[in-house]
Amino acid sequence: MDRLEIIDLVKPAAIETMQNRRILASILIAESIMISDSKREILYNNPLDLRSVKTDRLFVFKSIEECFECFVEMGIIANGYKNVLGNYTYKSVAKSLRLGDKINTIIEIIEAYQLDKIDMKVLNDMYNGKRTIIEIDSTPFIDLY
């Protein structure tokens with residue numbers, strides 16, 4: 001698989017995860033590209049190569065959406081960034097992930113394929129173009145009266 005095929009395959013799942021779990025689609029897509037690049041294929045609907053800690057066996061998922069949900073649930077997002085939307089850029093999110101030296105590669109992939117434009121389109125669609133990124137970030141999740 002080339003990178004464009006990987007993008008086409010995982011993009012719908014990344015967009016759905018962004019809408020449901022508020023994680024930037026660009027990060028999920030770039031991580032999938034980076035991991036699948038070396039293998040040239042995606043096994044078991046698992047583009048993130050998620051494995052069991054005990055057995056090191058590759059997880060088998062029913063869908064790529066399920067894989068991305070597992071990625072969020074496993075706590076891969078560090079420092080409480082579980083609802084990443086708002087004025088966080090893909091660069092700041094990548095730095096918040098427990099990716100170590102892969103951060104620069106993730107950022108390069110996002111920039112090379114303009115994956116951040118997917119994030120902006122999803123945000124625009126979610127909020128009908130009525131809010132800026134900063135306004136989205138500053139809106140409280142719970143209103144107390």
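Remark: E108 pairs with N104 by the side-chain contact (heavy atoms from CB on, under 4.5 Å) rule, at least two apart or across chains. For D116, the side-chain contact (heavy atoms from CB on, under 4.5 Å) criterion is met by Y90, I110, Q114, D119, not counting sequence neighbours. For D8, the side-chain contact (heavy atoms from CB on, under 4.5 Å) criterion is met by no residue, not counting sequence neighbours. In this view, K117 satisfies the side chain to side chain donor-acceptor pair (under 3.5 Å) rule with no residue, not counting sequence neighbours. Partners of E69 under the salt bridge (charged side-chain N to carboxylate O under 4.0 Å, His left out) rule, at least two apart in sequence or in another chain, are R21. For E66, the salt bridge (charged side-chain N to carboxylate O under 4.0 Å, His left out) test picks out no residue, with sequence neighbours left out. Under the side-chain contact (heavy atoms from CB on, under 4.5 Å) criterion, S32 pairs with I6, V10, P47, L48, F68, sequence neighbours left out.
Atom CG of N20 is separated from atom CD1 of I15 by 12.0 Å, given to the nearest 0.5 angstrom. With values rounded to the nearest 0.5 angstrom, R3 atom CZ is found 10.0 Å from M34 atom CE. With values rounded to the nearest 0.5 angstrom, I7 atom CD1 is found 11.0 Å from S26 atom OG. Once rounded to the nearest 0.5 Å, the distance linking CG of L123 with CE of M18 reads 4.0 Å. Taken to the nearest 0.5 Å, the CD1 atom of I106 stands 6.5 Å off from the CD1 atom of I27. Note that CG of L4 is 5.5 Å distant from OH of Y113, once rounded to the nearest 0.5 Å.
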**OP:** With side-chain contact (heavy atoms from CB on, under 4.5 Å) as the test, would you mind laying out the steps for F59 and C67 before giving the verdict?
**Re:** CA-CA 8 Å; F59 285 135; C67 174; over 6 Å; no
Subject >> side-chain contact (heavy atoms from CB on, under 4.5 Å) evaluation trace for K62 with N45 >> reply: CA-CA 7 Å; K62 294 176 189 169; N45 289 319; 5.6 Å; no
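When every heavy atom of E5 is checked against every heavy atom of M1, the shortest pair comes out as OE1-CA, 3.1 Å. The minimum heavy-atom distance linking A14 with I29 is given by the pair CB-CG1, 3.6 Å.
Under the 4.5 angstrom side-chain criterion for Ile, Leu, Val, Met, Phe, Trp and Tyr, the cluster partners of V60 are L43, Y44, L58.
Note on residues 43-53: pairs passing salt bridge (Lys or Arg N to Asp or Glu O under 4.0 Å), not counting sequence neighbours, are K39-D49, D49-R51.
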